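Given the structure is predicted, the values throughout are model-derived calculations rather than measurements. Positions are given from 1 along the sequence.
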Amino acid sequence: MRKRQLLTLLFVLGITLPIQLQAQVKEKGFFVEGSFAYADEHNQRGYENYFIIKPTIGYQFNSKWSLGFKMDIQCGVEVKSQQYLGYTPFVRYNFCHIGNVYLFGEGKFSAFKRRENLVGIGIANGYKEAGISLGAYLPLNNHLKVICQYLHIGYSEQYQKSGAFIHSGDWGIDANIKRLQLGLNWTF
């Protein structure tokens, strides 16, 4: 008898808990987000490792649309590494959710500027990008989400186009490891 009651309780919780978790997602309000990425690439100066930190602010209008602004800070590990500071306005559209995981596309325009000027090595002082990236987030509670983003599909003037990059001129799909970003989103 106890076994049957326990199974009934687990069945009821298994049905109602996902519904309650889904109902807890905050659909409107300001948000702050922080993302982190790691990259390594081989360029004309050798092999470089660098970290990318992306603090973000924005506003979520409803369960589908968000608008925001990111700073993109790329810091090289080596002393003479390229270091860039990027500014990125974006619009995000949540197009699907599977269970508690929400999938989105993000349209953005980025302008990057070199933080130090290494003269005489033939590298531009900055570059621009415009395109979309894909991502997903998992709400942990009413305010906090774990977020993951990957890919860049669109235009890029970036000097080094190597690795997992399919392109025709400045247009293409960039699937390099630096495009994989993990972070947290807090909506209040």
**Student:** Can you name the residues that form a side chain to side chain donor-acceptor pair (under 3.5 Å) with T187, not counting sequence neighbours?
**Tutor:** N185
**Student:** Could you pull out all residues at least two apart from L103 that satisfy side chain to side chain contact (heavy atoms under 4.5 Å, CB included)?
**Tutor:**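 Side chain to side chain contact (heavy atoms under 4.5 Å, CB included) check on L103 returns F95, C96, I98, V101, A136.
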**Student:** Is there a side-chain contact between E157 and F112, using heavy atoms and a 4.5 Å cut-off?
**Tutor:**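 Answer no - side chains too far apart.
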**Student:** Test of understanding: with side chain to side chain donor-acceptor pair (under 3.5 Å), list the residues that count as partners of S35, not counting sequence neighbours.
**Tutor:** none
**Student:** Run the side chain to side chain donor-acceptor pair (under 3.5 Å) test against Y59 and tell me which residues pass, sequence neighbours left out.
**Tutor:**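 Side chain to side chain donor-acceptor pair (under 3.5 Å) list for Y59, sorted by chain: empty.
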**Student:** Any chance you could pull the hydrophobic cluster mates of F90, using side-chain heavy atoms under 4.5 angstrom and chaining through other members?
**Tutor:**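 Direct or chained contacts put F90 with F31.
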**Student:** Check whether any side-chain N or O of Y155 sits under 3.5 Å from a backbone N or O of G131 as a donor-acceptor pair, and report yes or no.
**Tutor:** no
**Student:** Kindly work out whether a path of hydrophobic side-chain contacts (I/L/V/M/F/W/Y, heavy atoms less than 4.5 Å apart) joins L182 to L144.
**Tutor:**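 Looking at the clustering, L144 is in a separate group from L182.
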**Student:** Kindly write out the residues that satisfy side chain to side chain donor-acceptor pair (under 3.5 Å) with S133, not counting sequence neighbours, or none if the list is empty.
**Tutor:**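 For S133 the side chain to side chain donor-acceptor pair (under 3.5 Å) partners, ignoring immediate neighbours, are K108, Q149.
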**Student:** Evaluate the side-chain proximity of K113 to Y87: yes if any heavy-atom separation is below 4.5 Å, no if none is.
**Tutor:** no
**Student:** Under the criterion side chain to side chain contact (heavy atoms under 4.5 Å, CB included), I'd like the reasoning laid out for Q181 against I52: C-alpha separation, chi angles, the key distance, then a yes or no.
**Tutor:** CA-CA 9 Å; Q181 304 160 23; I52 303 168; over 6 Å; no
**Student:** Give every residue pair that meets the salt bridge (Lys or Arg N to Asp or Glu O under 4.0 Å) criterion with at least one member in residues 132-155, sequence neighbours excluded.
**Tutor:** none
**Student:** Partners of F36 by ring-ring contact (aromatic ring centres under 6.0 Å, His included), sequence neighbours excluded?
**Tutor:**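 So F36 forms a ring-ring contact (aromatic ring centres under 6.0 Å, His included) with F51.
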**Student:** Could you pull out all residues at least two apart from I132 that satisfy side chain to side chain contact (heavy atoms under 4.5 Å, CB included)?
**Tutor:** I153
**Student:** Is it true that a side-chain atom of N94 and a backbone atom of S63 form a donor plus acceptor pair closer than 3.5 Å?
**Tutor:** yes
**Student:** State the CD1-CD distance between I57 and E33, to the nearest 0.5 angstrom.
**Tutor:**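 Between I57 CD1 and E33 CD, I get 11.5 Å after rounding to 0.5 Å.
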**Student:** Would you call the rings of H97 and Y102 parallel, tilted or perpendicular, where under 30° means parallel and over 60° means perpendicular?
**Tutor:** parallel
**Student:** Suppose the criterion is salt bridge (Lys or Arg N to Asp or Glu O under 4.0 Å): which pairs have a residue in residues 54-76, not counting sequence neighbours?
**Tutor:** K54-D72, K70-E106
**Student:** According to side chain to side chain contact (heavy atoms under 4.5 Å, CB included), who are the partners of P89, at least two apart in sequence or on a separate chain?
**Tutor:** F69
**Student:** If Ile, Leu, Val, Met, Phe, Trp and Tyr residues are connected whenever their side-chain heavy atoms lie under 4.5 Å apart, and connections chain through other members, are L138 and V32 in the same group?
**Tutor:** yes
**Student:** Atom CG in N100, atom OH in Y137: separation rounded to 0.5 Å?
**Tutor:**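 It comes to 10.5 Å.
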**Student:** State the CG-CD distance between N62 and Q60, to the nearest 0.5 angstrom.
**Tutor:** 7.5 Å
**Student:** Kindly compute the distance separating CD (E129) from CZ (F109), expressed to the nearest 0.5 Å.
**Tutor:**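 Here the interatomic distance stands at 9.5 Å.
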**Student:** State which residues pass ring-ring contact (aromatic ring centres under 6.0 Å, His included) with F104; sequence neighbours excluded, sorted by chain then number.
**Tutor:** none
**Student:** What's the separation between atom OH in Y84 and atom SG in C75, rounded to the nearest 0.5 Å?
**Tutor:**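 Result: 13.0 Å between the selected atoms.
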**Student:** Determine whether L151 and D174 make a side-chain contact, defined as any pair of heavy atoms from C-beta on separated by less than 4.5 Å.
**Tutor:**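 No, their side chains stay 4.5 Å or more apart.
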